[in-house]
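Hydrogens, waters and symmetry mates are skipped; everything else that's a heavy atom, side chains included, is used. In what follows, chains carry the letters A, B, and so on, assigned in the order in which the sequence lines appear, proteins first and then strands, with residues in each chain numbered from 1.
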Amino acid sequence: MATTTDPHRAGFRLSQLVYDTRYRSMTIQIVALVALIVAGWWLVANVVQNLSALGKDFDFGFLSSRAGYDINQTLIAYDNSMSHGRASLVGILNTLLVAFMGCVTATVLGVIAGVLRLSRNWIVAKLMAVYVEGFRNVPLLLWIVLIFAVMTESTPQPRDFRVLDDGTSAASMLLGDTIAITNRGVFIPAPVWGSGALVLGLVFLASLVAIWAYRRWAFARQERTGQIAPVFRVSLVLFLVPTILVFLFMAFLSDRQTLVAYGGADGQDLAGFAQALGPDGRVTACVVPGTTQALLVRRALRNSDANFSLVEVADGEAAIAAAEAGECNLISQPPGVDPATIPAGGFALSDGIRSGNPVEFDVPVLGGFNFEGGLQVRNSLIALWLALSLYTGAFIAEIVRGGILAISRGQSEAAFALGLRPNRTMNLVILPQALRVIIPPLISQYLNLTKNSSLAIAVGYMDVRATLGGITINQTGRELEGMLLLGGFYLGLSLLISGVLNVYNNRVKLKER
Amino acid sequence: MSDTHAQTVPYVRESMLPQAEPPVAERGVVKWIRENLVSSWLNAILTLVSLYIIWWVVSHVWGWFAGSVWNAGSLTECREILAGEEGACFAVIAERWNQLVFGFYPPELYWRPLLALALFFAAIAPVLFPERVPRAMFVVTAAMPFVNVWLIWGGSLWGPIFVALGFVAGWGAWRLAQPRLGVLAGAILSVLAALLWWGVVTGWASPDFARILPLDLQRVTSRDIGGFLLSTIIGLSAIILSLPLGILLALGRQSDLFIINKVSVAFIEVIRGIPLIVWLFTAQLLLNYFLPPGTNFDLLLRVIIMVTLFSAAYIAEVVRGGLAALPRGQYEGADSLGLSYWQSMRLIILPQALKISIPGIVNTFIGLFKDTTLVVFIGLLDPIGFSNAIRASTDWNGIYWELFVFIGVLFFIFCYSMGRYSLYLEKKLSREHR
Amino acid sequence: MTDTAFDDSPKVDRSQMKVSDEVAIEIAEMNKWYGTFHVLRDINLTVYRGERIVICGPSGSGKSTLIRCINRLEEHQSGRIVVDGTELSSDLKNIDKIRSEVGMCFQHFNLFPHLTILENCTLAPIWVRKVPKKEAEETAMHFLEKVKIPDQANKYPGQLSGGQQQRVAIARSLCMRPRIMLFDEPTSALDPEMIKEVLDTMIELAEEGMTMICVTHEMGFAQAVANRVIFMDQGQIVEQNEPREFFNNPRSDRTKLFLSQILGH
Amino acid sequence: MTDTAFDDSPKVDRSQMKVSDEVAIEIAEMNKWYGTFHVLRDINLTVYRGERIVICGPSGSGKSTLIRCINRLEEHQSGRIVVDGTELSSDLKNIDKIRSEVGMCFQHFNLFPHLTILENCTLAPIWVRKVPKKEAEETAMHFLEKVKIPDQANKYPGQLSGGQQQRVAIARSLCMRPRIMLFDEPTSALDPEMIKEVLDTMIELAEEGMTMICVTHEMGFAQAVANRVIFMDQGQIVEQNEPREFFNNPRSDRTKLFLSQILGH
Amino acid sequence: QTLESVQENGVLNCGVSTGLTGFSSPNASGEWEGFDVGICRAVAAAVLGDPMAVNFVPTTGQTRFTALASGEIDLLARNTTWTFSRDVDLGFSFAGVNYYDGQGFMVPRALGVSSAQDLDGATVCIQTGTTTELNLADYFRVNNISYEPVPIETNAEAQQQYLAGACDVYTTDASGLAATRASFENPGDHVILPEIISKEPLGPLVRQGDDQWADIVRWTLNALIAAEEYGVTSTNVSELASGTDNPEINRLLGSEGELGAMFGLENDWAQQAIAAVGNYGELFEQNIGESTPIGLARGLNAQWTDGGLMYAPPFR
Ligand SMILES: Nc1ncnc2c1ncn2[C@@H]1O[C@H](COP(=O)(O)OP(=O)(O)OP(=O)(O)O)[C@@H](O)[C@H]1O
Ligand SMILES: Nc1ncnc2c1ncn2[C@@H]1O[C@H](COP(=O)(O)OP(=O)(O)OP(=O)(O)O)[C@@H](O)[C@H]1O
Ligand SMILES: NC(=O)CC[C@H](N)C(=O)O
Ligand SMILES: [Mg+2]
Ligand SMILES: [Mg+2]
């Protein structure tokens with residue numbers, strides 16, 4: 001072989017730092033790292049200096065000190081004597097609540113709108129196009145304040161529901177007086193779980209298991225014999241029927257419970273007892289809050305136009321004790337209580353009240369200032385929820401439409417040509433493919449929705465920005481720590497969601513050559 | 001009829017049939033209605049429901065809209081004019097039009113933002129329609145940011161000129177140093193040159209120039225800027241500034257260099273993972289903690305910086321998509337010709353990747369433009385901020401729809417037309433690439 | 001070029017393929033419009049069981065539309081189409097019946113990319129024919145062997161070459177045990193080498209006596225297996241004849257022009 | 001099939017093409033891994049100035065990888081590669097130098113679609129060689145004429161046929177006035193008619209004495225112009241010989257098998 | 001160092017509320033005016049000699065402290081209650097009290113409520129991040145009655161919600177209530193309940209740790225109060241500044257002694273401040289006094305000599 005100039009393998013030269021691919025990347029990275037560290041150090045140093053100038057420190061201890069403020073919507077027990085940490089948690093849960101509700105409705109809206117936009121029906125398609133473009137091209141904030149304004153300005157105040165002397169009222173409740181739409185929110189019946197609720201819950205769980213088992217069975221049978229069993233309809237029946245039957249059965253069984261009164265004459269009924277107390281007297285009932293008994297006692301008292309108040313106690317024992325101590329003059333006893341065991345000084349009223357279904361609904365009724373009872377879905381929540389759902393729904397509609405369009409017509413034609421019916425074609429061919437296209441951008445829309453829920457600030461919804469990032473920071477002056485936690489929360493949430501997304505993406509990736 | 005049995009009867013058509021009209025049910029309005037409105041039971045019901053919805057909306061809105069009052073000094077006056085009739089009170093818009101559009105910008109200076117806007121359009125024309133606009137227009141593009149700053153805030157033209165010259169200095173240093181000292185040293189030198197220029201020469205020379213040849217415009221402070229002008233300024237400056245940053249981040253994210261890659265990823269994810277509103281609060285309330293004690297600069301500037309960082313993260317992802325869409329062969333083609341990394345990026349990769357990314361960038365901009373409304377929470381008066389302020393005044397207390405409808409419609413027009421443009425681009429690109 | 005590819009294959013003994021007198025498909029005075037455009041004009045065509053018909057004609061002449069009408073992927077507006085004794089009307093039951101009798105093979109295969117080859121083949125038998133899975137898989141493997149790709153059964157369509165994909169598409173149709181097969185330019189999306197694979201498969205099918213209607217420009221194939229060649233232009237059947245006559249002795253001027261173009265190049 | 005395309009071209013007078021004693025490329029004991037996969041094993045190859053080498057071998061045998069190592073599109077892990085007296089190391093200066101000496105032509109051309117043909121050709125001379133624009137354009141036109149498409153200079157690559165694009169790619173490399181040209185299956189993405197255009201261009205280059213390494217399966221080309229044919233399998237050079245011997249009298253069984261496949265079909 | 005940066009910028013960044021009639025609100029031409037605004041202008045006049053050299057930064061209850069702490073503003077004059085934790089823990093210095101106030105409730109007359117004790121179950125609008133929020137929680141807790149808080153950012157929004165009936169009660173400082181009610185169409189339809197449930201001494205505040213600046217603000221406020229006591233008004237201040245036979249006035253107005261120089265200002269600083277906004281009494285009467293629609297009586301805010309709490313330490 002001919003000789004070539006032997007490349008001299010000299011030792012390390014400084015120019016290699018720049019010209020040698022091996023060292024060059026190191027050089028650049030080190031330069032970058034140094035720049036980064038310098039910048040970071042500069043920022044931290046400034047913070048330290050600024051904090052010390054203000055005489056502040058960096059400390060998360062404030063999270064355990066007393067919050068002192070009230071929050072109107074709490075998913076977990078909270079009152080103003082609890083800590084800032086607890087208040088933040090309440091805020092976090094509120095954020096998650098509205099984000100979750102928003103994601104669900106946005107998906108429903110989006111799927112419907114996306115599919116309808118592809119409809120062959122010209123008017124429907126155009127209507128959906130107007131919806132989608134309208135929401136996509138106008139700032140979310142504007143929609144939130146707009147919906148909030150509709151809710152507060154064009155819905156009646158609670159006092160408009162009051163029946164005036166001439167028997168009319170400016171506004172009335174919906175659906176048999178169970179739902180009230182007011183400018184403070186929508187009041188809906190709240191479920192109260194009675195003693196049989198556990199059984200009911202178990203039955204419901206059992207029917208879910210049954211559905212699952214049935215599906216497996218149907219699948220296995222199809223593999224074996226080819227026969228196709230009606231899965232959806234049977235599942236629906238299994239889902240609803242057993243629970244309803246058990247509910248009806250338990251309601252049928254429920255006995256009347258005994259009302260025990262103090263300070264009247266034996267043999268009275270409730271109305272009689274109330275009258276016996278005289279015009280200034282008041283029926284005070286000891287009830288355990290949150291139970292069906294409490295609900296039913298209150299309902300009975302309300303219907304009896306007696307003057308009454310409720311005293312909340314911890315449990316049945318405490319009620320008896322309180323009654324004996326004279327703190328209240330009415331308690332309720334479980335059905336079939338032996339009259340002999342009625343505590344001293346009390347007597348059973350002649351008209352007991354129903355013992356209660358496994359689930360009772362606490363229906364809102366107009367009280368002094370506001371509706372009482374029931375579940376109040378506040379305007380702030382509704383406005384935020386609706387706006388987020390409608391806004392994100394418009395984006396999801398486009399994603400769904402794109403996903404379906406991405407599946408070429410050839411796929412459905414091929415399925416038709418094989419004799420598959422349109423609905424089977426949808427389930428077996430189109431949807432599985434469209435979902436792969438739809439789900440990734442769908443999840444990033446969920447992410448956007450979650451982040452956008454911080455616009456709660458526009459309507460005074462108490463989300464994590466309002467509690468931790470708002471009042472807490474304001475009361476404690478820990479803006480640096482608070483904002484850091486707030487940012488950390490959102491960041492963690494979105495990393496979590498995008499992590500899930502990545503896992504999904506990797507699992508459904510189409511296999512290719 | 002056709003008894004053309006297999007092998008036996010060949011068939012030849014002697015005369016061609018002409019086009020015939022389809023049967024009645026298959027043409028014209030009948031067909032259209034049959035296919036589009038009542039093709040099935042479900043569809044017929046949907047049609048009825050939609051018609052009902054349309055009727056409901058129109059019947060509710062029409063009277064309100066048709067009876068609208070355009071000339072009144074306050075809501076009460078409006079109500080008097082309406083005298084109990086249904087009708088909108090768009091007088092509020094007529095009266096506060098200037099505020100909603102320009103904020104407190106001095107009325108006699110309205111020509112300045114308008115001129116700036118015109119200049120902006122002149123500047124992006126060569127970017128948006130590269131085939132139809134001469135390349136010389138890029139001069140306008142380069143000068144636009146500086147001239148516009150001057151037009152909008154006023155003051156001496158020398159400030160922007162010196163800032164611009166700083167870039168020129170940096171570029172000059174690069175041109176001088178890079179061939180001799182290589183890329184890294186060239187880059188460092190050019191940054192140093194620019195910094196030197198801004199730090200030393202500008203402070204020393206620009207007042208003198210200002211004295212010799214004032215070129216002064218009346219100053220307008222940031223607090224006077226509001227309404228749509230504010231949204232537009234924030235939106236446009238953020239998108240323009242975030243573009244280079246976003247490209248760098250995208251390159252960083254594509255890079256094999258561990259630290260640079262991870263830093264870019266972390267930056268992008270952190271920015272995107274946290275809501276803009278939190279970032280705005282940070283800009284308003286916390287930024288001072290991170291700056292040397294005593295520094296304090298314009299809130300609007302801080303917002304623009306924050307929004308720029310925010311949109312840079314989004315742009316980075318868009319550009320990354322564009323980079324990923326380029327076939328590997330383009331990188332290899334450039335390498336095999338001996339182009340260096342930055343040369344191949346600048347000459348081969350980015351021109352193509354950016355072109356693919358333009359629709360995405362426009363969409364990012366639409367999102368950004370809508371998001372500028374969030375600045376109302378940190379006390380800047382964008383249109384929504386003004387709507388609050390207007391409603392707080394005794395004259396217009398109680399007016400909602402008119403303002404919201406107006407703002408909504410303006411935003412809609414902007415965003416919708418930009419959306420159309422990006423759609424048009426996408427179609428064009430997919431035609432070209434096939 | 002493609003002729004060459006085909007010329008290598010053994011000539012088929014056409015006499016072996018029997019044609020019965022039973023009518024498989026009858027199309028009478030059929031017309032179809034797209035909007036106001038009259039795509040199919042007065043089509044009359046009777047196909048007997050076991051016949052192999054090749055349809056050719058210039059692009060846009062309505063070939064695809066015609067065979068898509070046969071399994072009602074398109075609706076016709078007048079005239080009648082009777083497939084296997086069942087008239088195609090808007091009656092859903094008839095449509096379902098006909099579609100499961102008639103197999104179709106598309107130019108772009110239209111395999112389901114999210115299912116394996118085996119699942120592609122068993123999907124319709126299981127859900128339409130209600131065959132037990134096991135049995136369906138056996139049938140599927142049988143047909144996959146027939147098209148010579150049993151070893152690909154557990155791959156996904158994306159992992160196969162075009163020719164293999166088209167053969168899977170044929171197998172998929174066969175799994176429904178159709179009595180009639182429709183092919184719409186099954187080879188025109190393929191590379192030359194792959195065309196041969198697919199044509200071989202189709203010839204085998206023809207030899208077994210399957211009733212076939214095939215839109216194709218593979219004239220070699222037409223000469224080898226067709227009983228009849230139909231030439232369409234402007235939505236009309238212009239000429240039909242048995243292949244030798246058709247190619248050697250075209251009568252209509254249009255046919256002559258067309259043949260000169262496709263054979264000449 | 002493709003052989004036919006080439007057979008029409010005039011046989012080249014190989015004696016005219018001179019080979020000097022100077023070494024152009026020397027590869028010694030070179031090994032390369034992808035991760036843990038050993039793609040190139042102990043490659044030893046010396047190419048003299050003016051030599052024309054054809055590399056063939058089954059798919060996946062590492063042909064592309066080998067020539068991509070020569071201009072450092074891939075990094076090798078052991079052994080040495082010396083191109084034109086410069087050793088390929090991680091030194092960027094050397095890499096830049098070698099890349100501007102070595103032209104490369106890809107299977108998929110890799111033209112820059114946003115630049116005109118002329119700009120494609122002048123880009124590298126202007127930015128790498130720092131040639132004035134005018135001069136670069138003159139050179140470019142010269143080479144475009146050489147590949148017979150001067151009239152396309154102001155079109156964009158998307159407007160050209162595949163064969164034209166590949167010729168532009170060759171011209172683009174030539175504009176850098178490389179001393180060595182590498183071709184990686186330059187014709188395999190082309191339609192048969194276009195193959196000829198490109199091969200003709202390559203033959204012309206060969207006649208001018210350009211050092212060339214060409215991965216190709218155009219055996220006609222190999223027989224016509226190559227000084228040496230190298231057969232690779234499983235990352236190793238299995239056999240090398242001058243073309244006539246190589247084709248008529250292959251020594252290794254592996255080569256025989258391979259040749260029977262590509263020549264037989 | 002705040003003083004230097006203010007002087008260098010030539011403008012005072014002053015945090016005010018987003019809009020509370022009489023205290024701080026922009027008028028039709030976009031100019032801020034009001035009682036709190038007066039303090040800002042007085043300080044600006046004292047420091048820069050120009051009462052208009054103020055950059056007003058509207059802050060909400062929630063953002064005001066962060067704005068001050070982070071240096072966004074140099075002075076917060078926004079009906080802010082002087083509390084222990086704000087002074088000590090949050091790291092601010094209160095410069096005094098410019099209005100002695102207490103928290104009250106406003107309800108629509110139609111509700112027929114006459115006492116806060118009757119508010120069981122009521123929906124209450126409160127501004128978030130305020131002492132009123134905390135007082136309210138305490139008050140209802142102590143009286144064992146329930147309420148539903150509706151948290152709101154700004155006074156304008158609160159007013160809107162309250163008028164729309166989204167809450168039954170609006171609670172904030174009594175002065176704020178009066179100011180809000182004054183801007184209603186029919187103020188008579190709303191009553192302010194008699195209970196005052198807290199002490200709310202409102203005053204301007206600055207960051208802790210800059211004593212010089214705190215002193216400047218404190219003594220500017222004191223100067224206004226003292227001016228009223230000594231009968232110095234915006235009309236006679238320039239006349240009195242040329243010298244009187246009351247040495248205290250002379251020291252205040254700078255014609256005697258070097259008080260201004262002691263904290264780095266011109267000697268006529270107080271004169272400038274008084275000339276710009278008038279003395280405390282004038283400021284009060286012009287913006288929130290009985291002659292204005294807001295119609296607040298001096299009450300506790302009268303001079304100590306008149307039985308109020310306004311008491312300026314001696315200028316000596
Ligand atoms: N959905 C449709 N709407 C309107 N016109 C259509 C539609 N589908 C096809 N056509 C038109 O009908 C005519 C016949 O189309 P068809 O696809 O049947 O032609 P073809 O003979 O198969 O042509 P090719 O050889 O190109 O496939 C063409 O002119 C075509 O443009
Ligand atoms: N980037 C890579 N990472 C890992 N393995 C690779 C990579 N590129 C190529 N390979 C593997 O290296 C081997 C050699 O590849 P190479 O492209 O050099 O083969 P080839 O001889 O050019 O084949 P062909 O004729 O198909 O082009 C193949 O087995 C291939 O799978
Ligand atoms: N209403 C307000 O904005 C101020 C309330 C109260 N004075 C506080 O300082 O917290
Ligand atoms: Mg067709
Ligand atoms: Mg290769």
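For a residue to count as touching a neighbouring chain, one of its non-hydrogen atoms must lie under 4.5 Å from one of that chain's; by this rule I457(A) touches chain B with backbone and side chain alike. Heavy atoms of R120(A) lying under 4.5 Å from chain B belong to its backbone as well as its side chain. Contact of L140(A) with chain B is not made at all, since no heavy-atom distance falls under 4.5 Å. For chain B, no part of S453(A) is nearby; none of its heavy atoms comes within less than 4.5 Å. Within the 4.5 angstrom heavy-atom criterion, atoms from both the backbone and the side chain of V145(A) approach chain B. Within the 4.5 angstrom heavy-atom criterion, no atom of D371(B) approaches chain A.
Heavy atoms only, all atoms of each residue included: E269(B) and L491(A) are closest at O-CD1, 3.5 Å. Across all their heavy atoms, N50(A) and Y289(B) have their closest contact at ND2-O, 2.8 Å. The shortest non-hydrogen separation linking V124(A) to S50(B) is CG2-OG, 3.2 Å. Across W42(A) and F290(B), no two heavy atoms sit closer than the pair CZ3-O, 4.0 Å.
Per-residue counts of heavy-atom pairs under 4.5 Å with chain A were compared for F411(B), F377(B), W401(B); the largest is that of F377(B). Counting heavy-atom pairs closer than 4.5 Å to chain A, the top residue among V278(B), N43(B), D256(B), L42(B) is N43(B).
Listed for the K451(A) side chain is a donor-acceptor partner under 3.5 Å among the backbone atoms of R272(B). Looking only at distances, no side-chain donor or acceptor of E133(A) sits under 3.5 Å from a matching main-chain atom of Y416(B).
Using a 4.5 Å cut-off on side-chain heavy atoms (C-beta onward), V270(B) and Y490(A) make no contact. Side-chain contact between V138(A) and V409(B): absent, with no pair of heavy atoms (C-beta onward) separated by less than 4.5 Å.
Taken from CD1 in I274(B) to CG in L486(A), the straight-line distance is 8.0 Å, to the nearest 0.5 Å.
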